[in-house]
Peer 1: 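Here it is: the structure, laid out below.
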Amino acid sequence: MSARVRAPELRGRAWLNTGGKQLTLADLRGRITILDFWTFCCVNCLHVLDELRPLEEKYGDVLVVVGVHSPKFEHEKDPDAVAAAVERYGVRHPVLDDPELDMWQQYAAKAWPTLVVVDPEGYVVATMAGEGHAEGLARLVDELIGVHEAKGTLRRGDGPYVPPPEAATTLRFPGKAVALGPGTAGGDDGSGHLLVSDSARHSLVELAPDGETVLRRIGAGARGNADGPPGTATFAEPQGLCLLPAHVAEVAGYDLVVADTVNHLLRGVRLDTGEVVTVAGTGRQWRSTVDDHAHDARSVDLSSPWDLAWYDDKVIVAMAGIHQLWWFDPVRRTAGRYAGTTVEALRDGPLAEAWLAQPSGLAVSTDGVRLWVADSETSAIRYVENGVLGTAVGQGLFDFGHVDGPADQALLQHPLGVCALPDGSVLVADTYNGAVRRFDPATGLVATVADGLAEPSDVVLTPAGDVLVVESAAHRLTRLAPGVLSAAGARTVDGPRHRAERPPTPVAPGALTLDVIFTPPPGQKLDETFGPSTRLVVSASPPELLLDGAGAGTDLSRRLVVDGDVPAGVLQVTAQAATCDVADEHGACHLTRQDWGVPVRVLADAPARLALVLRGLDA
């Protein structure tokens with residue numbers, strides 16, 4: 001039995017959601033504490049926020065969740081941006097701002113998200129990476145309650161969370177927008193009207209052509225997934241909006257498709273009445289295996305659909321939660337995978353083999369030939385054409401910045417939106433740079449057309465030729481000045497180049513054993529009912545880093561061979577484990593999954609073993 005490990009003291013730049021109080025572990029003594037190491041760019045971290053909500057509600061008198069915000073991107077180090085993200089995503093627990101990743105290192109985190117459970121006496125009792133741990137956490141909390149009530153070390157009562165004051169703005173963290181044409185809106189003929197996803201208020205807002213005057217709201221404004229008329233229907237952080245072609249809308253029975261992101265649903269909206277209906281998804285998050293089949297749209301699980309576009313005679317879905325593109329057919333009422341393998345990285349090629357990383361924005365060229373994709377976690381602009389996924393701008397998961405010029409040298413920072421222009425170029429909502437950028441395929445150049453914006457998340461070209469920016473963190477739509485799209489209006493910025501710097505893990509050249517540690521939660525066992533219960537996929541960047549061991553397999557331990565002539569790189573590891581409940585013959589099934597991008601440095605005297613914790617219990 002190993003020695004019990006004391007949880008390191010919590011220290012950071014500032015605390016949020018505590019009413020100004022600086023919390024210490026002593027303040028949490030007697031309570032069960034879950035430390036959630038997250039960063040607000042990461043969709044998997046956002047999934048964990050939603051997985052934790054029911055636990056916080058059920059165990060509110062004994063459990064304290066503490067978010068430890070450990071940033072990846074430079075913008076995520078901005079304290080105002082952290083505070084905005086805490087509100088944007090409805091975080092209802094204390095958050096420690098850890099801009100230099102000090103706590104990340106103290107608790108030996110290697111992935112976003114990572115959860116650490118601390119018992120009422122201040123000892124670390126479990127560590128787990130990735131998502132899908134809610135059921136196991138509930139069992140562990142029940143177990144800890146029993147142990148510490150018996151020992152007299154459990155303290156019940158109100159937690160340290162202090163809600164911030166309510167803000168009064170017309171929109172709150174809007175996500176995406178679409179221009180409505182004549183005959184599609186609820187007021188007059190609809191010419192020039194705009195529909196905006198008011199994400200933090202869980203609704204859609206129709207605005208007049210001035211982009212400010214509210215004409216109507218679709219959705220009750222509370223988090224939920226109810227269908228019905230506009231005053232009672234509910235959404236959960238909706239994002240992308242896609243108008244259907246008239247002939248498709250007539251058959252489908254609705255005009256607009258909404259990416260209802262946190263509900264993991266697609267919703268249909270009749271714009272004349274505002275009626276909302278669910279058209280795709282079960283409401284459960286996708287935790288399955290990749291296939292190329294068409295599925296009944298209402299029976300298939302989705303994962304954080306973030307944006308939508310009509311392309312290739314279908315609705316294409318930016319499925320940010322699993323790093324893929326999907327398709328949805330409103331007439332046949334079917335859905336399935338369009339591109340990507342679920343591996344989070346940048347790799348071009350045939351759609352079924354390409355890799356994406358949290359695609360979050362879509363736009364179709366005016367000739368309908370090319371689908372533009374804002375691939376946010378690789379800070380890249382990708383495109384689909386002739387069955388192949390390519391990259392226009394972007395270099396990988398860890399390289400970002402604000403640099404214009406030739407596309408192969410230009411850098412973006414977590415773009416969330418794209419807008420195709422009639423001349424064949426594309427505007428980019430370069431979100432974490434607070435800018436709108438333009439890429440022109442004819443010249444191969446990237447330029448900045450506007451900056452000083454607050455987390456722009458979408459760009460819309462109106463029928464009148466105006467360019468509107470969804471300035472999400474400023475809670476408004478902003479009209480760009482005429483002429484900014486001309487050659488004279490654009491600027492060339494040679495700004496900073498960044499690389500997401502986490503302390504590299506030293507590894508030995510030659511034979512290296514990779515072990516992914518997984519211990520089933522209390523009351524669960526590995527599930528072999530439908531085949532092997534575990535899966536491990538390994539690759540490297542650059543690929544030359546690995547001489548042997550790349551590829552997929554079912555064992556969570558793998559012998560790798562590292563090239564000693566490659567001094568450093570990134571090991572990309574994806575692991576999953578299927579479990580089921582022990583007590584019931586037909587117990588519930590669970591899937592735990594995580595992607596790691598592990599920076600490594602090859603050193604002669606380094607360890608010949610690399611251990612990653614998918615789920616581990618302190619002995």
Side-chain angles (χ1 to χ4, degrees), residues 43 45-60 65 85-93 131 134 138 161 163-164 166-177 186 195-206 214 216-242 253-271 273-287 297-308 317 319-321 328 335 472 475:
V43 71
C45 298
L46 304 186
H47 291 165
V48 168
L49 288 176
D50 293 311
E51 291 176 357
L52 292 174
R53 292 184 208 278
L55 296 178
E56 293 178 89
E57 183 175 347
K58 180 178 180 181
Y59 299 104
V65 174
V86 169
E87 182 193 347
R88 178 196 297 269
Y89 297 117
V91 179
R92 299 291 182 261
H93 53 247
E131 44 184 297
Y161 168 67
E166 288 285 332
T169 55
T170 301
L171 302 174
R172 205 69 192 162
F173 297 106
K176 305 289 185 182
L195 196 67
V196 182
S197 55
D198 195 12
S199 301
R201 293 221 173 102
H202 314 295
S203 58
L204 313 179
V205 176
E206 185 179 336
V214 175
R216 63 170 169 165
R217 188 175 287 270
I218 300 173
R223 188 185 294 268
N225 60 3
D227 290 341
T232 59
T234 51
F235 301 89
E237 299 178 30
Q239 287 284 339
L241 308 168
C242 178
Y254 49 89
D255 310 286
L256 178 93
V257 182
V258 181
D260 193 7
T261 305
V262 175
N263 279 327
H264 310 297
L265 296 173
L266 302 185
R267 316 290 290 281
V269 179
R270 286 183 58 98
L271 289 175
T273 65
E275 187 83 13
V276 177
V277 62
T278 299
V279 298
T282 63
R284 297 184 300 269
Q285 187 184 340
W286 185 95
R287 299 189 189 281
R298 288 299 309 275
S299 69
V300 69
D301 299 340
L302 309 180
S303 183
S304 294
W306 209 277
D307 203 9
L308 309 165
V317 183
M319 202 72 75
F328 164 61
S472 187
H475 319 295

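Nothing fancy with the numbering, it's 1 onward along the sequence.
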Peer 1: Between atom CG of Asp255 and atom SG of Cys242, what is the distance when rounded to the nearest 0.5 Å?
Peer 2: 11.5 Å
Peer 1: Decide side-chain contact (heavy atoms from CB on, under 4.5 Å) for Leu266 and Leu302; before the verdict, give the C-alpha distance in whole Å, the side-chain angles of both, and the deciding distance to 0.1 Å.
Peer 2: CA-CA 9 Å; Leu266 302 185; Leu302 309 180; 4.0 Å; yes
Peer 1: Go through Leu49 and His93 one step at a time and tell me if the side-chain contact (heavy atoms from CB on, under 4.5 Å) criterion holds.
Peer 2: CA-CA 10 Å; Leu49 288 176; His93 53 247; 4.1 Å; yes
Peer 1: Quick check for you: to the nearest 0.5 Å, what is the distance between Gln285 atom CD and Ser303 atom OG?
Peer 2: 4.0 Å
Peer 1: Under the side-chain contact (heavy atoms from CB on, under 4.5 Å) rule, what do Lys176 and Val196 come out as? Steps first, then yes or no, please.
Peer 2: CA-CA 6 Å; Lys176 305 289 185 182; Val196 182; over 6 Å; no
Peer 1: Decide yes or no on side-chain contact (heavy atoms from CB on, under 4.5 Å) for Val258 and Val269, but give the supporting numbers first.
Peer 2: CA-CA 8 Å; Val258 181; Val269 179; 3.8 Å; yes
Peer 1: Counting only N and O atoms by type, is there a donor-acceptor contact under 3.5 Å from the side chain of Ser203 to the main-chain atoms of Gly219?
Peer 2: no
Peer 1: Search all heavy atoms of Asn225 against all heavy atoms of Thr234 and return the closest pair with its distance.
Peer 2: N-OG1, 3.0 Å
Peer 1: Which atom pair, heavy atoms only, marks the closest approach of Gly175 to Ser199?
Peer 2: N-OG, 3.5 Å
Peer 1: Run the numbers on His47 and Ser304 for side-chain hydrogen bond (donor to acceptor under 3.5 Å, both in side chains), then give the verdict.
Peer 2: CA-CA 8 Å; His47 291 165; Ser304 294; 2.6 Å; yes
Peer 1: Output all residues satisfying ring pair (Phe, Tyr, Trp, His ring centres under 6.0 Å) with Phe173, sequence neighbours left out; order by chain, then residue number.
Peer 2: His475
Peer 1: Can you name the residues that form a salt bridge (charged side-chain N to carboxylate O under 4.0 Å, His left out) with Arg284, not counting sequence neighbours?
Peer 2: Asp301
Peer 1: Closest heavy-atom contact between Val300 and Ala335?
Peer 2: CG1-CB, 4.3 Å
Peer 1: Are any non-hydrogen side-chain atoms of Leu256 and Leu204 less than 4.5 angstrom apart?
Peer 2: yes
Peer 1: Tell me the closest heavy-atom pair linking Arg92 and Tyr161, and the distance in Å.
Peer 2: CD-OH, 3.0 Å
Peer 1: Are the side chain of Asp227 and the backbone of Thr278 linked by a donor-acceptor contact shorter than 3.5 Å?
Peer 2: yes
Peer 1: Check whether any side-chain heavy atom of Glu206 lies under 4.5 Å from a side-chain heavy atom of Arg217, and answer yes or no.
Peer 2: no
Peer 1: Could you work out, with salt bridge (charged side-chain N to carboxylate O under 4.0 Å, His left out) as the rule, every residue matching Glu51, not counting sequence neighbours?
Peer 2: Arg287
Peer 1: To the nearest 0.5 Å, what is the distance between CZ on Arg267 and CG on Leu241?
Peer 2: 13.0 Å
Peer 1: Where do Asp198 and Thr170 come nearest, in terms of heavy atoms and distance?
Peer 2: OD2-O, 3.8 Å
Peer 1: Go through the side-chain N and O atoms of Ser472 and Arg88 and say whether any donor and acceptor fall under 3.5 Å apart.
Peer 2: yes
Peer 1: Rounded to the nearest 0.5 Å, what's the gap from OG1 on Thr261 to CG on Leu46? Could you check?
Peer 2: 10.0 Å
Peer 1: Answer yes when Arg223 and Glu237 have at least one side-chain N-carboxylate O distance shorter than 4.0 Å, and no when they do not.
Peer 2: yes
Peer 1: Provide the closest heavy-atom pair for Ala138 versus Tyr59 in the form atom of the first, atom of the second, distance.
Peer 2: O-OH, 3.4 Å
Peer 1: Is there a side-chain contact between Phe235 and Val276 (heavy atoms, below 4.5 Å)?
Peer 2: yes
